[in-house]
Peer 1: 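Once you've had a glance at the structure underneath, I'll fire off some questions.
Numbers restart at 1 for each chain; the letters A, B, ... are given by sequence-line order, proteins then strands.
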There are 2 protein chains.
Amino acid sequence: MPRKPLKGDVAADEAVYGAIRRAMHMGRLAPGTKLQEPALARVLGVSRERVRKALHRLVHEGWLTAIPNRGTFVPTLTVEEMREIYDVRSMLEAAIVRRLSEGHTAAAAKRLKAHVTEEKVATRRDDRGRLFELSGEFHVLLAELCGNDELTRLLRGLLTRSTMHFSIAAPQQLTNCAGPHDHGDIAEAILGGRADKAAKLMLGHLAGLVTLQASRAPERQSTDLEEAFRGIKARQTKTGAPQGARSN
Amino acid sequence: MPRKPLKGDVAADEAVYGAIRRAMHMGRLAPGTKLQEPALARVLGVSRERVRKALHRLVHEGWLTAIPNRGTFVPTLTVEEMREIYDVRSMLEAAIVRRLSEGHTAAAAKRLKAHVTEEKVATRRDDRGRLFELSGEFHVLLAELCGNDELTRLLRGLLTRSTMHFSIAAPQQLTNCAGPHDHGDIAEAILGGRADKAAKLMLGHLAGLVTLQASRAPERQSTDLEEAFRGIKARQTKTGAPQGARSN
DNA sequence: TGGTAAAATTATGTGCACATTACGTCAAGA
DNA sequence: TCTTGACGTAATGTGCACATAATTTTACCA
């Protein structure tokens, strides 16, 4: 065989990882849910080892929590922990908008304007899913415009962890950020070079988010893995015969 | 057996992880060194799977870099990457000292004073090893005094990554922070409630560190794993017959 | 009838063997 | 002599089976 499409099957790993991540993002998995490896392997149609690797990765990234010899669970974010995450975000993002206000390239300004425009379009169309996505990307975009990859990675991790709990709490009827116009105001302050105002707006924005999240009580979700992963397949029926069908 | 010391052998995992981490911290492993799993397993006297798990964890935490189907390597920190890390640290630590300056408990002031005193003692005794340790802990201590665990974890990760390259570059003859009295000045500004001065001192302190590191060129180290891990054992000859000795 | 203890079952964790892939070496042709 | 191709070796990645630990169920005793 000259060429084979599978190069270490890193795609399969990514698929399993993405499937679990997507299920959490869609609010299918309630906090405290135990993710059993055999059940997940059966539902997703992959081997248990692949599920194990994906779970380990998710644990390392903070999406899940593992208890030795007990299993892997969807974390139950305390109000205190959430407040801490937003506290760190406040430190970083205030510094970010300050720096961008004090100086940025023309290309950065262009990207920022384009993003705000896109958010306005999504708001006008009432496209909640797209707006949710864009709202998160806004904060990552600001980090990216600083040109610091380390900063971007760090902030993205914090953001995913906070929005995760957000989407778990009330997935269907939420806007990721308090007011969509907040982002526009912040961008305007940055582009106008008003560092203090931009930082103040950002701090108020984040404070609004944390109160918004704290107000929502996480309602009970389905804990049945079979139902939780309905429609969320690891791979799009790429391989007809998954090796999940064991001989024993 | 009523009680067994091994509870899932999480201790062994930690030992292997710590051994590799210690070897890096001691500057035994040169940047670019390939960490082969069989060789590591043979040297440390543990199974290959345990080495694999430790390597995966180290990769996730940013200590090592993995290339699919190629192996795991000691990362070669670019000057740019190092600058980025210190940039993020500047953002966080400036906010930290500002917050502490604006208000802190009496217990916090006590811990801070005690640490500065301890550093002075180590400096007077010319105890480089202890001073290196204390210098790193100073920055973690400031994060801890904010009472934010998330912040502490994040900053500790950044600090270990930056000091890692530090110790790799020149392990024997370094002081972790530019001037030991810097910490004393910063602490004094915090205790005096002078937020702007404390932030300014911290920024200058970190800027001094990054220039200090950039000036040192990483000299060539030993790439022989056998020699690199001499004296650094995972477990203290607990298991007499390691299963790392394979038949082939 | 309620509580406790023991056994069975289920799930996690780990060692092992094999498949696949990349790297080094040697030989043949230009 | 240099380049290119193929072959052999070694390391990584993954599926599999067993050992260990925890949970649940059941049975027995108070």
Peer 1: How long is the line joining CD of B/Q36 and C1' of C/dG24, in whole Å?
Peer 2: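 After rounding, the reported distance stands at 13 Å.
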Peer 1: Charged N to carboxylate O under 4.0 angstrom, B/R57 versus B/E61?
Peer 2: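 A salt bridge links B/R57 with B/E61.
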Peer 1: Map B/I67 and A/R70 onto DNA chain D by nearest heavy atom, then report which one ends up closer to the 5' terminus.
Peer 2: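 Nearest-nucleotide comparison on DNA chain D picks B/I67.
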Peer 1: Within this structure, what is the NE2-to-P distance between A/H56 and D/dG13, rounded to whole angstrom?
Peer 2: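 Atom-to-atom, A/H56 to D/dG13, this comes out as 16 Å.
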Peer 1: Go through D/dG15, C/dT12, C/dA22 for me and flag the one nearest to the A/E49 side chain.
Peer 2: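 When the side chain of A/E49 is considered, D/dG15 is the closest of D/dG15, C/dT12, C/dA22.
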Peer 1: Once you round it to whole Å, what is the distance between P of D/dA10 and NZ of B/K34?
Peer 2: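 After rounding, the reported distance stands at 13 Å.
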Peer 1: Of all the heavy-atom pairs spanning A/F138 and A/L112, show the shortest one and how long it is.
Peer 2: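 Between these two residues, the closest heavy atoms are CE1-CD1, 3.9 Å.
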Peer 1: Among D/dT12, C/dT12, D/dT14, which nucleotide sits nearest the side chain of A/P38?
Peer 2: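 Taking heavy atoms from C-beta onward, the closest nucleotide is C/dT12.
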Peer 1: Classify the side chain of B/R52 and the base of C/dG15 as holding, or not holding, a donor-acceptor pair under 3.5 Å.
Peer 2: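 Side chain to base: no pair below 3.5 Å.
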Peer 1: Without swapping roles, check the side chain of B/E37 against the backbone of B/R52 for a donor-acceptor pair under 3.5 Å.
Peer 2: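 Not at all, since once roles are kept as given, no pair shorter than 3.5 Å links the two residues.
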Peer 1: Could you tell me the separation between the CG atom of A/L141 and the CZ atom of A/R111, rounded to the nearest 0.5 Å?
Peer 2: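 It is 5.0 Å, given to the nearest 0.5 Å.
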Peer 1: Within the distance-only criterion (no hydrogens, no angle test), does the side chain of B/S162 pair as donor or acceptor with the backbone N or O of B/L158 below 3.5 angstrom?
Peer 2: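 Between the backbone of B/L158 and the side chain of B/S162 there is a qualifying donor-acceptor contact (under 3.5 Å).
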Peer 1: Of the candidate nucleotides D/dT14, D/dA21, C/dA22, which contains the atom at the shortest distance from the side chain of A/R50?
Peer 2: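 Looking only at side-chain atoms, A/R50 lies closest to D/dT14.
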Peer 1: Rounded to the Å, how far apart are B/N69 CG and D/dG13 P?
Peer 2: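 Atom-to-atom, B/N69 to D/dG13, this comes out as 6 Å.
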Peer 1: Is there, by distance only and without an angle test, a donor paired with an acceptor across the side chain of A/R48 and the base of C/dG13 below 3.5 Å?
Peer 2: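 Check passes, donor-acceptor contact within cut-off.
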Peer 1: Roughly how many Å is it from CD in B/E37 to P in D/dT12, rounded to a whole number?
Peer 2: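 For the pair B/E37 CD and D/dT12 P, the rounded distance is 4 Å.
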Peer 1: Could you state the atom-to-atom distance from CD of A/E14 to C1' of D/dG13 in whole Å?
Peer 2: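 So the two atoms are 16 Å apart, to the nearest Å.
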Peer 1: Round to the nearest Å and state the distance from B/L40 atom CG to D/dT12 atom P.
Peer 2: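 To the nearest whole Å, that distance equals 9 Å.
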Peer 1: Take the protein atom CZ of A/F73 and the nucleotide atom C1' of D/dT23, then report the distance between them rounded to whole Å.
Peer 2: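 Going from CZ in A/F73 over to C1' in D/dT23 covers 11 Å.
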Peer 1: For B/S47 and C/dT14, is the shortest distance between a side-chain N/O and OP1 or OP2 below 4.0 Å?
Peer 2: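 No, no such contact exists.
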